[in-house]
Amino acid sequence: MPNGIALAAVAGILENARACGAGRLRRAVSRAVVDHRDLREFPVGAVQILSHFAQRPGQPILFVEGGNDNGDGSSQTKIYNSLFPQKETYLSLEDELLKQRLERIREIEELGYRAYGRRYDFTHTVPGILAGYGAKTAEELVPEVRVRVAGRVMQLRHMGKAGFAHLQQDGERVQIYVRKDAVGERDFKLFKMLDIGDIVGVEGCLFRTRTGELSVHAETLEFLSKTLLSMPEKWHGLEDVETRYRQRYLDLIANPEVRKVFVTRARIVSSLRRQLEERGFIEVETPMMQPLYGGAAARPFVTHHNTLDIDLYLRIAPELYLKRLVVGGLERVYEINRNFRNEGLSTQHNPEFTMLEFYQAYTDYRGLMDLSAELLARTALDATGSATVEYDGRKLDFSRLERYSMRESVAHFWEGEDRPTLEDVRDPEWLSRHSGKATAGEALTDIFERTVEHKLIQPAIIYDYPVETSPLSKSKSDDPAFVERFEIYAAGMEIGNAYTELNDPREQRRRFEMQLAMRERGDEEAHQMDEDYVRALAYAMPPTGGEGIGIDRLAMILTGSRSIRDVILFPLLRPEGPIGLADLMRGLEPR
RNA sequence: GGGCGCGUAGCUCAAUUGGCAGAGCAAGUGACUCUUAAUCACUAGGUUGAAGGUUCGAUUCCUUCCGCGCUCACCA
């Protein structure tokens with residue numbers, strides 16, 4: 001290719017004039033070429049090259065003229081770049097690493113191994129080896145312990161005719177020692193070809209190295225899977241937040257603590273399941289695609305079913321379906337699954353998030369408070385090994401849930417001189433003095449949110465909410481301005497919401513109609529009329545307590561994560577655009 | 001949606017006032033049969049997120065756009 005030759009010639013000339021890598025020149029040329037101007041003035045800097053050359057007649061010419069760096073701007077380097085027509089000639093997009101790895105695959109197969117292997121029957125896992133033999137001395141390993149173990153190569157240290165590697169499995173690592181005279185010519189050739197990130201199987205005996213590390217003395221190697229891309233750096237791991245979320249698999253490989261977070265999350269969910277099962281709750285699954293949405297105040301996602309030709313909503317809550325089941329006699333039900341709310345994103349909000357909701361017939365919000373205290377204490381213990389966890393430098397004790405009524409909390413957490421008394425907090429005049437909201441209830445909620453919410457670091461229950469902000473809860477019989485509802489707070493976040501369920505179909509009809517009126521006025525978050533739900537209540541629902549616990553936020557607190565995205569494996573991000581790997585691979589495909 | 005910040009090699013990070021884009025790890029070649037962030041020598045690797053603008057000259061200054069983070073608003 002003529003232009004390629006020209007480039008080589010330029011490189012040669014510059015090599016003589018000054019030690020200058022071909023890569024550097026290529027970049028300089030490509031910069032000029034990209035501009036595609038006939039004349040481009042270039043900085044002189046310290047460049048002291050005067051070189052010019054012509055290719056063959058009629059071919060593009062690169063003319064480089066240099067001067068001294070005299071600092072007064074009088075000397076310039078000019079590149080007359082007459083038309084290198086295809087910049088691709090110079091901007092090679094080939095990925096050297098990928099090319100090398102594909103070549104590696106060929107070599108591995110030439111040796112008689114599969115680059116992408118089949119079943120490997122291991123006798124031990126890496127964590128199993130560490131747990132079983134990590135405490136044994138060299139002498140105790142003398143009756144030979146043979147193991148077959150597989151894992152991902154995370155570190156490699158070659159030393160001529162021997163070498164060490166660390167295999168990672170389930171987030172833990174064991175060292176293997178491979179020497180030529182132990183594994184033979186062919187396996188040792190394979191060992192020398194390994195890249196960090198490859199997955200291999202090793203058979204051999206356990207021993208301790210001179211420095212005392214438990215290791216597998218390899219006798220045979222099996223190749224199981226080839227990495228084509230390079231792993232994140234061994235020391236710092238993967239730190240780029242965006243890459244960590246987009247390529248969570250890399251995050252999990254490179255950052256052991258991330259794995260722990262998701263293991264803890266799994267423990268939280270299984271602990272809650274087990275505790276609810278023990279109390280006679282059964283797990284159910286209700287529709288995620290709903291013709292009518294309800295159970296919370298939020299904007300939904302809309303989708304469409306083709307055959308029925310109807311729009312459906314991704315559920316914002318399972319509440320109304322779960323209560324239908326209570327009507328049907330499933331007196332203790334729970335569901336752990338995703339809700340979808342079409343809202344902004346933040347460190348505490350992901351558009352899809354996981355909620356536990358449970359309903360228990362014949363109890364009320366007082367009963368649920370006691371149950372919540374037990375559930376949370378036990379979950380913290382099961383997930384972290386302690387009912388006390390540290391979050392953001394504060395110790396949170398889940399074994400004792402503080403309880404305040406909303407009014408008490410305002411008085412209790414007030415900062416400043418004019419701390420209100422409990423009498424003040426129920427005085428409409430005092431409330432309107434401290435909030436611009438129209439009604440006393442809304443004002444109380446407003447004041448609570450501004451002065452109390454962020455101070456609820458210790459796990460706490462706030463109970464008795466104004467009726468205005470709680471459309472689905474049953475009113476307190478002795479104070480109809482308030483409802484039997486509580487929320488659970490910890491680390492300044494709301495993590496749960498519960499109430500004595502409204503089970504009077506007449507009242508429910510009235511509240512739906514109020515919501516409908518709000519919809520008419522353009523409130524997208526107002527409830528729709530769900531007449532089937534009213535019909536269900538009309539068959540009589542037992543008095544019931546219902547509660548929702550945000551699993552993601554609970555997981556944040558119990559894992560010490562500051563962002564909800566750190567406890568969701570694949571948080572919602574904008575699509576990243578073309579990756580280009582498929583094109584690269586296609587370009588390197590042998591034909 | 002508003003405000004602030006970030007974007008440089010596969011990864012982690014430098015780059016003086018606007019003046020030749022560098023290092024470590026990873027990669028390639030060679031040496032090394034107990035290393036462990038192995039070591040030693042050499043090599044390669046860049047559209048400085050993208051597009052414009054200012055300038056003799058831009059990673060650096062300006063504008064717009066893209067992506068991410070924090071924050072406010074919205075939202076439980």
Side-chain angles (χ1 to χ4, degrees), chain A residues 18 20-24 26-28 30-31 33-34 40-49 69 71-78 87 90-93 95-101 103-104 155-166 173 175 177-182 188 195-197 207-213 215 217 228-246 250 254 296-299 316-317 339 341-349 351 353 355 449 453 469 487 493-497 525 548 550 553 562-563 565 573-577:
Chain A
R18 185 170 190 254
C20 177
R24 180 175 295 171
R26 188 166 71 184
R27 274 172 252 132
S30 68
R31 189 181 294 180
V33 171
V34 167
R40 182 180 164 84
E41 295 188 325
F42 239 61
V44 63
V47 178
Q48 295 175 341
I49 302 162
D69 180 20
D72 62 9
S74 65
S75 114
Q76 297 166 11
T77 299
K78 295 178 180 177
K87 63 181 180 183
Y90 304 97
L91 299 175
S92 165
L93 294 177
D95 188 300
E96 280 306 313
L97 182 86
L98 190 56
K99 227 158 93 179
Q100 284 165 9
R101 296 284 164 95
E103 173 63 15
R104 246 324 128 69
Q155 282 187 48
L156 273 172
R157 293 176 292 280
H158 292 284
M159 278 161 302
K161 296 183 183 60
F164 292 89
H166 272 101
R173 294 181 184 187
Q175 179 170 262
Y177 177 50
V178 182
R179 38 190 293 174
K180 194 174 179 180
D181 55 14
F188 196 71
D195 286 302
I196 291 173
F207 76 113
R208 281 201 181 272
T209 62
R210 226 165 261 168
T211 51
E213 178 164 350
S215 306
H217 200 295
L228 296 180
L229 301 172
S230 59
M231 288 291 129
E233 201 216 19
K234 60 183 170 192
W235 194 241
H236 298 90
L238 181 64
E239 305 208 339
D240 182 77
V241 177
E242 185 176 349
T243 310
R244 287 186 45 226
Y245 295 155
R246 288 195 194 281
L250 270 189
R299 276 148 58 193
I316 57 174
N339 289 346
R341 298 186 185 174
N342 211 334
E343 293 160 0
L345 293 77
S346 81
T347 49
Q348 293 171 31
H349 299 82
F353 62 100
M355 180 87 110
E449 285 172 356
E453 196 168 328
T469 54
E487 295 196 336
M493 285 189 292
E494 180 206 334
I495 60 172
N497 182 17
E525 289 166 7
R553 290 184 181 174
R562 288 211 308 276
S563 169
R565 287 184 282 268
L573 300 176
R574 281 181 202 278
E576 69 176 320

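Below, read A as the first sequence line, B as the second, and so on, with proteins coming before strands; counting in each chain starts at 1. Just so it is clear, the values below take in all heavy atoms, side chains as well, and ignore hydrogens, waters and symmetry mates.
At whole-Å resolution of the value, CG in A:D240 and C1' in B:rC68 are 8 Å apart. Between the CD atom of A:E242 and the C1' atom of B:rC68 there is a distance of 5 Å, rounded to whole Å. Regarding A:L229, its CG atom lies at a distance of 16 Å from the P atom of B:rA9, rounded to whole Å. Across the protein-nucleic acid pair, A:R574 atom CZ and B:rG1 atom C1' stand 11 Å apart, rounded to whole Å. In this structure, the CG atom of A:L250 is 10 Å from the C1' atom of B:rC11, given to the nearest Å. Nucleotide B:rG67 holds its C1' atom 15 Å from the OH atom of A:Y245, rounded to whole Å. Between A:E96 atom CD and B:rA26 atom P the separation is 19 Å, expressed in whole Å. Whole-Å rounding puts the A:M231 CE to B:rU12 P distance at 14 Å.
In this structure, A:E239 reaches the sugar-phosphate backbone alone: every heavy-atom distance under 4.0 Å involves primed, P, OP1 or OP2 atoms, never a base. Residue contacts shown for A:E103 are absent, as no nucleic acid heavy atom lies under 4.0 Å away. Using a 4.0 Å heavy-atom distance criterion, A:E487 is classed as a base contact. Counting non-hydrogen atoms under 4.0 angstrom, A:F207 reaches a base of the nucleic acid. Contacts of A:R157 with the nucleic acid, taken as non-hydrogen atoms under 4.0 Å apart, include base atoms.
Pairing each heavy atom of A:R565 with each of A:S346, the nearest pair is NH1-O, 3.7 Å. A pairwise comparison of heavy atoms in A:M231 and A:G197 identifies CG-CA, 3.7 Å as the closest pair. When every heavy atom of A:P351 is checked against every heavy atom of A:L345, the shortest pair comes out as CD-CG, 4.0 Å. Contact between A:R101 and A:L229 at its shortest, heavy atoms only, is NH1-O, 3.4 Å. Residues A:F188 and A:A162 come closest through the heavy atom pair CZ-N, 3.5 Å.
Residue A:K234 has no polar side-chain atom (N or O) positioned under 4.0 Å from OP1 or OP2 of B:rC11. Residue A:T347 places at least one side-chain N or O closer than 4.0 Å to OP1 or OP2 of B:rU71. Dashed line: the shortest gap from a side-chain N or O of A:R210 to OP1 or OP2 of B:rU35 is not under 4.0 Å. Distances shown here put every side-chain N or O of A:Q175 at or beyond 4.0 Å from the OP1 or OP2 atom of B:rC34.
Within the 4.5 Å cutoff, no side-chain heavy atoms of A:N339 are placed close to those of A:I316. A 4.5 Å side-chain heavy-atom check between A:D240 and A:R244 finds every atom pair outside the cut-off. The shortest distance between side-chain heavy atoms of A:F164 and A:M159 falls below 4.5 Å. By the 4.5 Å heavy-atom criterion applied to side chains, A:D195 and A:R104 are counted as neighbours.
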**Asked** When you check every protein heavy atom under 4.0 Å of nucleotides 28-33 of chain B, what one-letter string (B, S, -) results, 5' to 3'?
**Response** S---BB

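Across B:rA26, B:rG69, B:rC11, the shortest atom-to-atom separation from the side chain of A:S230 is found for B:rA26. You'll find that the side chain of A:R565 is closest to B:rG69, out of B:rA37, B:rC68, B:rG69. In the set B:rC11, B:rA27, B:rA37, the nucleotide with an atom closest to the side chain of A:E233 is B:rC11. Closest to the A:P232 side chain, of the nucleotides B:rC11, B:rU12, B:rA37, is B:rC11.
No side-chain donor from either of A:Q348 and A:R562 sits under 3.5 Å from a side-chain acceptor of the other. Under 3.5 Å, the side chains of A:H236 and A:E239 contain no donor-acceptor pair of N or O atoms.
Separation of the C1' atoms belonging to B:rA50 and B:rC40 is 43 Å when rounded to the nearest angstrom. Nucleotides B:rC42 and B:rU54, compared at atom C1', are 43 Å apart to the nearest Å. Distance check on atom P: B:rG24 versus B:rA14 gives 16 Å, rounded to whole Å. Nucleotides B:rG45 and B:rA23, compared at atom C1', are 14 Å apart to the nearest Å. To the nearest whole angstrom, the two P atoms, one in B:rU17 and one in B:rG69, are 32 Å apart. Taking the P atom of each, B:rU60 and B:rU47 are spaced 16 Å apart, rounded to whole Å. Taking atom P in both B:rU8 and B:rG1, the straight-line distance is 24 Å, to the nearest Å. One P atom belongs to B:rU33, the other to B:rU16, and the distance between them is 45 Å to the nearest Å.
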Please tabulate the protein-to-nucleotide N/O contacts below 3.5 Å involving nucleotides 73-75 of chain B, giving atom names and distances.
residue: B:rC75; atom: O3'; partner: A:A297; partner atom: O; Å: 3.3
residue: B:rC75; atom: O2'; partner: A:E343; partner atom: OE1; Å: 2.7
residue: B:rC75; atom: O2'; partner: A:E343; partner atom: OE2; Å: 2.2
residue: B:rC75; atom: O2; partner: A:H349; partner atom: NE2; Å: 2.6

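Remark: A:R553 CZ to A:M355 CE distance equals 9.0 Å, nearest 0.5 Å.
Evaluation of atom-type donor-acceptor distances gives no pair under 3.5 Å for the side chain of A:E213 against the base of B:rU35.
Secondary structure note: stems in RNA chain B built from 3 or more consecutive Watson-Crick or G-U wobble pairs under 3.5 Å occupy B:1-7 with B:66-72, B:10-13 with B:22-25, B:27-31 with B:39-43, B:49-53 with B:61-65.
Ring geometry for A:H217 versus A:Y177: interplanar angle over 60°, hence perpendicular rather than tilted (30 to 60°).
Residue A:T209 is the one, among A:Q155 and A:T209, whose nearest nucleotide of RNA chain B lies closer to the 5' end (criterion: closest heavy atom). If A:A165 and A:I196 are placed on RNA chain B by their nearest nucleotide, the residue sitting closer to the 5' end is A:I196.
More than 12 heavy-atom neighbours from other residues, nucleotides or ligands sit within 6.0 angstrom of CZ on A:R246.
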**Request:** Could you please spell out the steps behind the side-chain contact (heavy atoms from CB on, under 4.5 Å) verdict for A:N497 and A:E494?
**Result:** CA-CA 8 Å; A:N497 182 17; A:E494 180 206 334; 3.7 Å; yes

